[in-house]
Amino acid sequence: MAAWSESTIDIAGIKLHVARGGEGPPVLVLHRDNGAPEASAFHDELAKSAHLLLPHHPGWGRSSRAEWMRSVRDLAVIYRGVLADLGIDRPVLVGLGFGGWIAAEMATMAPAELAKLVLVAPLGIRPPEGDILDQAIVSYIDYARAGFEDQGAFDKVYGAEPTTDQLEAWDIAREMCFRIAWKPYMYSQTLPHLLGNVKAPTLIVWGDKDKVVPLATAKRYLATLPNARLEVLADCGHCADLERPASLAKLVGTFIAE
Amino acid sequence: MHLMYFTEQPMSAYDAEAGLKYGATALTFSNRHFDPVAGSRLYGEYLEQYVYAEEVGIDGIMLNEHHNAPFCMQAKANIFAAVLAGATKRVKIVLLGNPLPLSENPIRLAEELAMIDMISKGRLVSGFVRGGGQEQLATGVNPAYNRERFEEAHDLIIKTWTVPGPFRWEGTHYQHRVVNPWALPLQKPYPRVWIPGVISKETIIWAAKQRYPYIALNTSIPQTKQIWQLYDETAATLGYRSGPENRGYLARIHVAETEEKAIQNAKQFMWMQGEFTGLAHPVWANPSGYFSPSGRRNFVEFAVGRAKNPRGNPTFEQQVADGMIICGTPKQVLSRIRQLLEETRPGIMAVWGNDGNVSHQDAMTCIRLLGQEVFPKVREWAKELELTSPFEAEAPVSIAYAKDLKRPVAAAE
């Protein structure tokens, strides 16, 4: 298991919590809409061949809230600032679900300053068929469970009965999603038009049983990103990093090393 | 004492079995179960009932607004208010109220309300609410900014009513470059604003800071006393003394010629399975960011079924025993009302008289008995107990127009 060092970065008036660990090229991993579990086999596996930066988004987990923040694009600008402050010129961006949307926005802002892009079932684009699951009308646990095809995997990550602390964290995460991605819900109308500039090699990974973001959305990402390929994980839900950590880490690790 | 009649305007003609089968009677319960033919008939009956309420001497008609639910047919309070402005002559038209955060354009609300006030010749009371959580979801409005939008929309409407245009409004949630509507309220400085609510501390404190009467919506007597205590304490820090003219109370009271009939009809207060706003998932009523962070921990437990409903789920009999539902002949309900008056001392009282499937005829009887037999006695008692309404007290419309402020005794919160 990687040794993680924790630090706080001051950016745009925010105290941003970042954990770092592993040896290799710098990889910024952006967590999903309902936060990041404290321990992740995916992170540990990937840290064997890369130096991971694992921030908590502003307002989530241990990072302070930016009352003024109104969009996922704001969030992307904040992370570009973080990379500049840390002197990381050509990072690999790995975005998980909602984090994939942030990563895609970041890629469009500075297409030349990007080594590689990995999008794991990213939000951010309106699905051509079906809709993004609306977390506003289901309970915290039901929403988190919807991210898993294998409910046993959910139980392993969160416990069959998630703690009250976890429920609170999910409520706060949900509030943050509402604050910055309420309407249109969890996508941008302009992002698809900007992705054409992103020439960096891009790996898109999607579980074929994703109930949060329809797999068909991958087609739109593929159609707009010039240098992207898609890997579909069979019998996997939205949260591939939690449900199939080893498979995903292998795919991503190999892609980074290519 | 100002005495009002209220009904939720229930869409009682829907298939209750379908609701039970679906497991919810709000937000996502399909409107395929809405019958516009019955809806048209019911609107006609409700209008007839309001006009009759004026005829039998009731002081005000209280209106409200909800969305996506059978328990309330009013999707826009201002529409019925406009109808009543033309159809009645004397009653106050009391909106409790317009859900401000739902509005993308508060200037439009200011215009509509000004029109209602002019058409009714100054009979509007313009209450404002945050709107329930479900209303935000039903109308696509971000629940996380609900309170901010409420306060900003309020400030914008009051400015629109009191400061000659044109002016600009560059706010956080609202930006308007030319505020200059050619419709202004007849009442000066502006129509009275009353704030209905339950036990949200933030709203009670906000109302007290504005010196707007707070209307407690069918809260228990102990809860109501706590509300007044918080209101009174806030008022004291601002240098005024609050009293009955700052207090309203909504009670569920059904009156009939016989006790048996009254009980039978009062059971209709339970028609939404005992829930005021229908069967619903807790996260619909309290979307993330909508409620106070201080309640987060308790709420998340309730939302996943680990904690009991904070409101409990009392039976009809229990609610009657606790005085949360009052029913009977005029003589019977009067003794309960007397107790309510003594304990909670409101200057404004709204009677939620009919709900669910109470027939039009029985609703009319209830209104007649309220107007002719119950309210005259209540007025007598209100005089004896010095329960003055804001109108009788000639209370300032808001704290900005008060001439009686004493030096604050402590810093406001």
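Numbered from 1 within each chain, the chains take letters A, B, ... in sequence-line order.
With respect to chain B, the highest number of heavy-atom pairs below 4.5 Å among A/Ala173, A/Pro162, A/Cys177 belongs to A/Pro162. Annotation: maximal heavy-atom pairing with chain A below 4.5 Å, among B/Ala144, B/Gly133, B/Gly140, occurs at B/Gly140. With chain A as the partner, the residue from B/Leu27, B/Thr28, B/Val141 showing the most heavy-atom pairs under 4.5 Å is B/Val141. Considering only heavy-atom pairs separated by less than 4.5 Å from chain A, the leading option among B/Gly289, B/Pro282, B/Pro287 is B/Gly289.
A pairwise comparison of heavy atoms in B/Ala303 and A/Ser139 identifies O-CB, 4.3 Å as the closest pair. Closest approach of B/His173 to A/Arg70, counting heavy atoms only: CE1-NH2, 3.9 Å.
Taking a 6.0 Å sphere around CG of A/Asp131, one finds it holds 12 or fewer heavy atoms contributed by other residues, nucleotides or ligands. Annotation for B/Lys76: atom NZ counts as buried by contact number, over 12 foreign heavy atoms lying within 6.0 Å. The number of heavy atoms from other shown groups lying within 6.0 Å of CZ (A/Arg126) does not exceed 12. Counting heavy-atom neighbours within 6.0 Å of B/Glu17 CD, excluding the residue itself, gives a total of 12 or less. Atom CG of B/Leu279 has more than 12 neighbouring heavy atoms from other residues, nucleotides or ligands inside a 6.0 Å radius. B/Lys201 NZ: 12 or fewer foreign heavy atoms inside a 6.0 Å radius.
To the nearest 0.5 Å, the span separating CG on B/Leu137 from CZ on A/Phe178 amounts to 7.0 Å. Residue B/Phe302 holds its CZ atom at 13.5 Å from CG of A/Leu167, rounded to the nearest 0.5 Å.
No donor-acceptor distance shorter than 3.5 angstrom exists from the side chain of A/Lys183 to the backbone of B/Asn142, with no hydrogens or angles considered.
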Under the side chain to side chain contact (heavy atoms under 4.5 Å, CB included) rule, what do B/Val304 and A/Glu161 come out as? Steps first, then yes or no, please.
CA-CA 10 Å; B/Val304 299; A/Glu161 292 289 334; over 6 Å; no
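At a threshold of 4.5 Å between non-hydrogen side-chain atoms, the residues A/Tyr143 and B/Val283 do not count as touching. Contact of the A/Trp182 side chain with the B/Pro143 side chain is registered, since non-hydrogen atoms from C-beta on lie closer than 4.5 Å. Using a 4.5 Å cut-off on side-chain heavy atoms (C-beta onward), A/Glu175 and B/Tyr290 make no contact.
Residues forming a side chain to side chain contact (heavy atoms under 4.5 Å, CB included) with A/Thr164 (at least two apart in sequence, or on another chain): B/Arg297, B/Val300, B/Glu301, B/Arg306. A/Thr163 is linked by a side chain to side chain contact (heavy atoms under 4.5 Å, CB included) to A/Asp165, A/Gln166, counting only residues two or more places apart in sequence or in another chain.
Using a 4.5 Å cut-off between heavy atoms, A/Gln135 does not touch chain B at all.
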